[in-house]
Protein chains: 2
Amino acid sequence: MSQSTDQSPERPAGRAVPTSADVARLAGVSRATVSYVLNNTSAVRISEPTRRRVREAAEELGYVPHAAARSLRAGHSRMVLLPTAHVPVGPLYSQFFNDFQWALRRLDYTVVQYGSVGMRAEEAARAWAELRPVAVVSLGEAELTAQGVEILKRSGARAVITLGTQNVEGTHALVMEQGRVGEVAATHLVETGRRRIGVVIPEEPGLDMFSGPRLEGARRAAEGTGATVVPLPLRYDEESARALAARWRDQDLDGVFAYNDEYAMLLMRALQDEGISVPGETAVIGADDLLLGRLLRPRLSTVAIDMVLGRELAELVDRAVREPDTAPLSRSLLDSRVVRRESS
Amino acid sequence: MSQSTDQSPERPAGRAVPTSADVARLAGVSRATVSYVLNNTSAVRISEPTRRRVREAAEELGYVPHAAARSLRAGHSRMVLLPTAHVPVGPLYSQFFNDFQWALRRLDYTVVQYGSVGMRAEEAARAWAELRPVAVVSLGEAELTAQGVEILKRSGARAVITLGTQNVEGTHALVMEQGRVGEVAATHLVETGRRRIGVVIPEEPGLDMFSGPRLEGARRAAEGTGATVVPLPLRYDEESARALAARWRDQDLDGVFAYNDEYAMLLMRALQDEGISVPGETAVIGADDLLLGRLLRPRLSTVAIDMVLGRELAELVDRAVREPDTAPLSRSLLDSRVVRRESS
DNA sequence: TTGAAAGCGCTACCAC
DNA sequence: GTGGTAGCGCTTTCAA
């Protein structure tokens with residue numbers, strides 16, 4: 001809005017952007033005919049010579065239809081909006097994410113990622129609503145309040161789907177049951193005889209939504225077994241790991257679930273440097289089943305997380321769009337299982 | 001296009017999406033006034049009571065302006081389109097990416113990521129052009145031909161910026177000089193007395209655009225020094241690494257630049273398992289300076305890559321948009337330096 | 001088989 | 001101060 005907004009006096013050498021009217025003029029037909037030809041409208045028959053003239057004119061001018069005008073006229077779009085606060089990291093997640101995008105594309109949706117870092121929940125929801133997406137799939141890092149959902153639905157979104165750990169009112173909640181990850185890890189440690197179990201909580205921001213439920217899951221698993229669970233804050237650097245390892249024996253820990261394989265590798269190295277034997281004195285288990293964990297000695301035990309297929313999820317989105325009134329679905333997106341190697 | 005496209009007979013319980021006309025009706029004013037108030041248009045003075053009535057009406061209806069209609073009217077948008085074929089991996093890249101998005105937002109652009117996996121170059125360019133972005137910043141994974149650039153510019157894009165390894169005609173090319181990475185790595189190996197230098201080439205798809213230039217850079221560095229460079233294809237799994245290590249002595253290699261730290265860790269483990277001492281018999285150097293590399297024994301030498309600030313790049317984009325006629329800028333986005341630890 | 005025209009939601013001129 | 005209204009580019013009904 002800061003620059004001159006009317007027409008385009010600052011458009012230089014390049015001639016103005018061609019519209020369907022330009023194509024019509026060049027082809028010597030009406031705009032209606034142009035539309036029919038370029039959209040292959042079946043309800044109307046256009047002679048082959050006309051079709052060719054229109055196509056050639058469009059080609060010559062480099063005509064590309066204006067999506068905004070089109071969806072304004074149609075009254076709806078097929079845009080699926082994916083708000084992302086942070087680009088998700090990790091091969092597991094990004095693989096899933098690519099599949100998901102690809103599958104939505106195949107279903108003829110336009111997938112648009114909208115980075116919403118540093119906006120408050122409601123403000124962000126308004127920004128998304130301005131784009132009039134047919135569906136919003138929140139990846140969970142971007143927060144979404146009941147109020148935000150209301151705004152989106154009022155502005156025409158036919159499906160709001162949250163893909164995370166929380167369960168927001170009025171949405172289809174696809175839950176990544178992070179608790180299960182902590183649960184299977186802790187169960188494994190308990191069953192192999194550990195009694196004082198640490199659970200690493202990353203201090204890095206943005207991970208709380210995973211680490212919290214994982215800790216809770218671990219607590220659940222320990223309940224009634226006589227084992228205790230101890231939260232262990234840890235920054236992802238060597239200094240922090242060293243400090244934690246130095247206090248290890250004071251805390252009398254004999255097992256640890258280290259949030260994921262990366263934190264596990266960091267901590268395991270620090271423990272070994274401190275002279276604490278793994279798995280003899282302390283068992284260590286990570287999560288994500290990274291290849292790198294297999295390269296350590298001892299090889300790192302881990303929780304493998306099987307994520308639902310992107311294609312499957314895309315179909316869920318499609319169904320939610322087509323039948324907005326079906327009961328909000330709520331389903332778990334991941335399954336967790338222990339892969340025992342040598343560190344536990 | 002597949003479903004009934006006119007009006008919205010399938011919109012159920014929820015009343016129709018409110019427009020500025022609805023707000024005007026409820027507030028008892030004209031649509032023009034609504035627009036003035038909600039946009040804080042300074043050229044026109046509206047009485048305070050009227051302003052309040054309009055605001056309350058908008059609030060009550062849950063009115064959110066329609067971005068497509070707005071930009072159609074304005075004749076331009078402030079959308080910056082970021083086509084992404086694959087979600088970029090690695091903390092370095094994603095940090096940069098987040099900064100970049102955030103900075104563009106601050107400059108009042110709407111940042112939209114458009115996943116274009118599985119489209120051919122020209123087809124993708126048309127899809128982007130339909131959205132009429134003011135700028136397109138290609139991350140390099142999505143290919144962009146001279147033809148594609150032409151389409152985008154014809155459809156009103158004021159800046160097309162490629163952020164990658166290639167230099168596409170007609171764009172502002174921000175080059176990530178991957179060659180430098182290979183060059184400093186190889187130089188380091190040569191200077192520390194290595195003569196038969198392997199360069200790992202990942203077999204995973206999508207990495208060629210990095211690995212190719214890195215290999216070339218290594219070749220450049222070796223030139224005239226008497227050292228030879230040997231390309232080593234490697235898949236990111238233990239089997240492939242084991243096979244490569246088994247052939248190691250036949251190839252008479254005494255140093256290797258392993259593409260990045262992850263491949264380096266994989267390979268180093270395989271070499272050690274094969275009884276090849278590192279760095280005694282063979283030096284190993286990776287790239288990216290991952291924390292995990294420091295945890296190995298020997299600690300992994302690496303090439304640290306300093307990426308330009310996202311904010312800086314966002315300003316470049318802004319300038320390119322405001323002055324589309326300035327000479328295409330071409331600048332290097334990264335600087336590389338060797339971090340020598342124990343593996344080389 | 002083709003054309004004329006209405007109208008999607010919005011903003012910015014020009015009257016009053 | 002406020003309202004009427006044209007028109008951005010497109011699709012689709014209705015008429016010819």
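Naming: A, B, ... by sequence-line order, numbering from 1 per chain. Values in this document were obtained by computation on a predicted structure and should not be read as measured data.
Residues that satisfy the side chain to side chain contact (heavy atoms under 4.5 Å, CB included) test with B/L26, not counting sequence neighbours, are B/A57, B/E60, B/L61. Listed by chain and number, the residues in a side chain to side chain contact (heavy atoms under 4.5 Å, CB included) with B/S77 are B/S71, B/M79 (sequence neighbours excluded). Applying the salt bridge (charged side-chain N to carboxylate O under 4.0 Å, His left out) rule to A/D318 yields the partners A/R322; only residues at least two apart in sequence or on another chain are considered. Take B/T145 and apply the side chain to side chain contact (heavy atoms under 4.5 Å, CB included) test, not counting sequence neighbours, and it matches B/A121, B/Q147. By the salt bridge (charged side-chain N to carboxylate O under 4.0 Å, His left out) test, A/E315 is found to be paired with no residue, residues two or more places apart in sequence or in another chain being considered. Remark: A/E150 pairs with A/R154 by the salt bridge (charged side-chain N to carboxylate O under 4.0 Å, His left out) rule, at least two apart or across chains. Considering only residues two or more places apart in sequence or on other chains, A/E312 meets the salt bridge (charged side-chain N to carboxylate O under 4.0 Å, His left out) condition with A/R331. Scored by the side chain to side chain contact (heavy atoms under 4.5 Å, CB included) test, A/R319 finds A/L316, A/E323 as partners (sequence neighbours excluded).
Each end of the helix from C/dT1-D/dA16 to C/dC16-D/dG1 gets its own rotation axis from five pairs of C1' atoms, and the angle between them is 50° to the nearest 10 degrees.
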Only distances under 3.5 Å count here; give the side-chain donor-acceptor pairs of residues 41-51 of chain A to other protein atoms, sequence neighbours excluded, each with its distance to 0.1 Å.
residue : atom : partner : partner atom : Å
A/S47   : OG   : A/T50   : OG1          : 2.7
A/R51   : NH1  : A/I46   : O            : 3.2

Expected string for nucleotides 3-10 of chain C under the B/S/- scheme (protein heavy atoms, under 4.0 Å, primed atoms plus P, OP1, OP2 as sugar-phosphate) is BB-BBBBB
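Taking atom CG of residue B/N40 and atom P of nucleotide C/dA12, one finds them 13 Å apart after rounding to whole Å.
With a 6.0 Å radius and a threshold of 12 heavy atoms from other residues, nucleotides or ligands, B/R55 has its CZ atom above the threshold.
Of the residues in residues 45-57 of chain A, those placing a heavy atom less than 4.0 Å from an atom of DNA chain C are A/R45, A/I46, A/S47, A/T50, in numerical order.
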